[in-house]
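Note sheet for the following structure.
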Amino acid sequence: MPAPTRSRSHPSAFSSASSDSVEIRLPWWSVALPAVAFVVLFLLMADPGQAHAATDDPTVGRILEHIHLTLGR
């Protein structure tokens, strides 16, 4: 017994009758955010003299140790 089939209400993107151009609309932030991230990373690479090493903060070590002990139980 063959399975019932349904016709599609919209044209398939893979059919031979489809148009040659496809319109894709992106929100503004999908282009702006990667561009801003690229510029920031590029500026960090271009002037590494301004980067400073993080100070040794014992609080972070204590928090990580506490998490490790809690998960180890």
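Every value quoted in this text rests on a predicted model; they were computed, and no experiment measured them.
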Test of understanding: with side-chain contact (heavy atoms from CB on, under 4.5 Å), list the residues that count as partners of [X], not counting sequence neighbours.
X     : value
Leu64 : Val60
Thr70 : His66
Ile67 : Ile63, Leu71

If you link ILVMFWY side chains whenever their heavy atoms are less than 4.5 Å apart, which other residues fall into the same cluster as Trp29? By chain and number, please.
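Once heavy-atom contacts under 4.5 Å are chained together, Trp29 belongs with Trp28, Leu33.
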